[in-house]
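To keep things clear, I will list the structure first and then write my remarks on it.
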Protein chains: 2
Amino acid sequence: MKHQITIKDIANKLGLSTSTVSRALKDHPDISPKTRTAVKELAGLLGYRPNRIALNLRNNSTRTIGLIIPEIEHYFFSAIINGIEEVAYKNDYSVMVFQSNESYKREVINTQAVLTNRVDGVLVSFSKETRDFSHFQRLIDNEIPVVFFDRVTDELQADQVVADDYQGAFLAVNHLIEKGCKQIAHFAAPQSLAIGRSRLSGYHDALLKHNIPYNPAQVVLADTFETAKKAAHEILRKPNHPDGFFAVNDMSAIAIIKAAFELGIKVPGEIKVVGFENSKSSALIEPELTSVDQFGFDLGREACLLLLKRLKDVDDSSDFKPVKKVIKTRLVVRGTS
Amino acid sequence: MKHQITIKDIANKLGLSTSTVSRALKDHPDISPKTRTAVKELAGLLGYRPNRIALNLRNNSTRTIGLIIPEIEHYFFSAIINGIEEVAYKNDYSVMVFQSNESYKREVINTQAVLTNRVDGVLVSFSKETRDFSHFQRLIDNEIPVVFFDRVTDELQADQVVADDYQGAFLAVNHLIEKGCKQIAHFAAPQSLAIGRSRLSGYHDALLKHNIPYNPAQVVLADTFETAKKAAHEILRKPNHPDGFFAVNDMSAIAIIKAAFELGIKVPGEIKVVGFENSKSSALIEPELTSVDQFGFDLGREACLLLLKRLKDVDDSSDFKPVKKVIKTRLVVRGTS
DNA sequence: AAAACAAGCGCAATCGGTTGAAATTTTTAA
DNA sequence: TTAAAAATTTCAACCGATTGCGCTTGTTTT
């Protein structure tokens, strides 16, 4: 890198001290209007830009937030990043992205990385593997504000922003029942994740509301395209297969539809399917997928706003009360139900 | 943030100077083994972590790379980020993400942001709006290495990493012809983008190879789902519509298929469609989309590797020769052709 | 005319770590 | 025993910007 213009360069050329230049640049009243304009003029001429690193050191703040996320290549998460980046941008923060790739080990390394990078705060959605949260506790111990989103835990004293998974699941299953489904299967996420538990719970309660007995055999763990496709094939091959499917995400839902197509089963004629995410893909397939919109962009926005609020209220050490923000979900009815 | 353990804390507790502690921590031969172990032990005990910001200031380097990208919510770009992050991670770099949202104005601000954040290098894929590249020239003037990927320009003396768009387009159109298409339309990207020009050129040359006359009327500007859907409807409603479609990206291709479906036109029976991107979605729709894989992950990897190489060879000021790296594409044949 | 005051600017410390050179202590050789 | 050599350790400057405090000036008040 080329030599950057510093305050010292300006001071030398003008025969002033660096302190005067510094003050002149920020309109300090001690400085006479004459020197003030002279300094500013030269600064503009030389293309002076304050060295953020020096300020970072002095202020012990980087105006950067760390983002730890399972994987970017997933519509929901990229929508969230979008929301986060939007808020960060408007507040003059930068975002550093770290992917865990659903690996616990990598996630631990990521938490170290955000520490060494001295980010001001961290936004986290942890991996499917993560059972132990002590690496996040380490961040909190260092008094770095942490906000969890989507994948959250109550084991830590930290803010959370989540979609209303229970409500979304309830709406979805209720919808299937109202559309005439008698036997509804649920393709679930790992129960170690709160989203897995909440969505199962919504599924459960919607059944009960309509006096349909809950049958654990109708719940299978399948939250990826591959696992869901395999599971759907097995289930749909049986004679008395379910006539309704509620999948924990759109990929699983689409896998079910694919499997049905391959087996010559009509959607929504013979089986109906509802997904969760309202991803771009849901509107691309034919028939289009009914899905629960979890407003990833808004979720990202809210998470980032909450974090920025924490960063402002620095003196939160004593009376810290974790906040849990819930983003309402909405059922988008399309062709598969 | 809590008080972080500094080198000074260790020095005080051990009755040493900060310089000794600093050297001890990095196994400098001047320091006796005794003090060396003592320092390291205490450092481990206190959980000392070197303050990256202080090092940044001293070394005038942040071990951070800036990434300016149109939008994350796009499979191709998130695949690229994935590749970039992978390489950055392995080389102990962090990635700062800035989205332009296809806005020139925002992109200019982004270039300022990477400057103030003093990133070591920048990876750029510019917006569709961008015609003037002087904001990138400003980065180069500041001797910040810049590598362009996917959306590139020859107007700047900078490295480029692109998919072999010409080859991919040629393969796609050649494939359509071999499958029996007589009249092939092309849904193109803006000709201000090199990818737009290259893909059109590949389309053109593939036609010529088979002695099919090139007809400009068969080329429409439609590189989003919405515009493509509309254009496809218009075209397919006409009596003598084309029997083959080569779209500049998967979204456009899928839009064509959707339009065909809505008009009761069979794919691949009556018309055949080939996309470009090989996105996740291409394997989700029915029939599955034939598409040109442009290996986004590898493209990201290569771009990042190239940038890191430039960062190593700092003394490149005089004999700088821009490198253009081309990533081969591959036609993935599926159901729509 | 002397004291009080204000305006305008510079000194020096600070943030945390690194590093060439100097200073100190220890070891070795004469 | 003492000087020279070697082994350790400390000093001080530096990276770039900020800021409390003090130092000059010149002006006002009594």
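Protein chains get the first letters and strands the later ones, always in sequence-line order, with residue 1 at the start of each.
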From CG of B:Asn60 over to P of D:dC14, roughly how many Å is that when rounded to an integer? 16 Å
Atom pair distance, as rounded to whole Å: CD1 in B:Ile53 and P in D:dT18: 15 Å
Quick note, A:Ser22 side chain, CB onward, closest among C:dC9, D:dT19, C:dG17 is D:dT19
Any B:Val122 side-chain heavy atom under 4.5 Å of B:Phe136 side chain: no
Pairwise distance CZ(B:Phe148) to CG(B:Leu307) - rounded to 0.5 angstrom: 11.5 Å
Look at B:Glu107 together with B:Arg151 and state whether they make a salt bridge at an N to O cut-off of under 4.0 Å. no
Write down the protein N/O and nucleotide N/O pairs, taken from nucleotides 10-14 of chain C, whose separation is under 3.5 Å; answer none if there are no such pairs.
residue : atom : partner : partner atom : Å
C:dG10  : OP1  : A:Ser17 : N            : 3.4
C:dG10  : OP2  : A:Ser17 : N            : 3.0
C:dG10  : OP2  : A:Ser17 : OG           : 2.9
C:dG10  : OP2  : A:Thr20 : OG1          : 2.2
C:dG10  : O6   : A:Arg23 : NH2          : 2.6
C:dC11  : N4   : A:Ser19 : OG           : 2.9
C:dT14  : O2   : A:Arg58 : NH2          : 3.1

Nearest to the B:Asn51 side chain among C:dG16, D:dA17, C:dC9, which nucleotide is it? C:dG16
Any non-hydrogen side-chain atom of B:Leu123 less than 4.5 Å from a side-chain atom of B:Leu67? yes
Expressed in angstrom and rounded to an integer, what is the separation of B:His28 atom NE2 from D:dT10 atom P? 14 Å
Most 5' of B:Lys26 and B:Leu57 on DNA chain C, judged by nearest nucleotide: B:Leu57
Identify, between B:Pro33 and A:Thr6, the residue whose nearest nucleotide on DNA chain D lies closer to the 5' end. B:Pro33
How many whole angstroms separate atom CD1 of A:Ile5 from atom C1' of D:dA17? 15 Å
When you compare the side chain of B:Met96 with that of A:Thr64, does any pair of heavy atoms fall below 4.5 Å? yes
Spacing of B:Leu156 atom CG and B:Leu139 atom CG [to the nearest 0.5 Å]: 9.5 Å
Without decimals, in angstroms, what is the distance between B:Lys34 NZ and D:dA7 P? 15 Å
Find the distance A:Tyr48:OH to D:dT18:C1' and express it as a whole number of Å. 10 Å
D:dC14 OP1/OP2 closer than 4.0 Å to side-chain N/O of A:Lys8: no
Whole-Å gap separating C1' (D:dC15) and CZ (B:Arg52): 17 Å
Whole-Å distance between C:dT19 C1' and B:Leu25 CG? 15 Å
Lys/Arg-Asp/Glu bridge criterion (N-O < 4.0 Å) met for A:Asp159, A:Arg310: yes
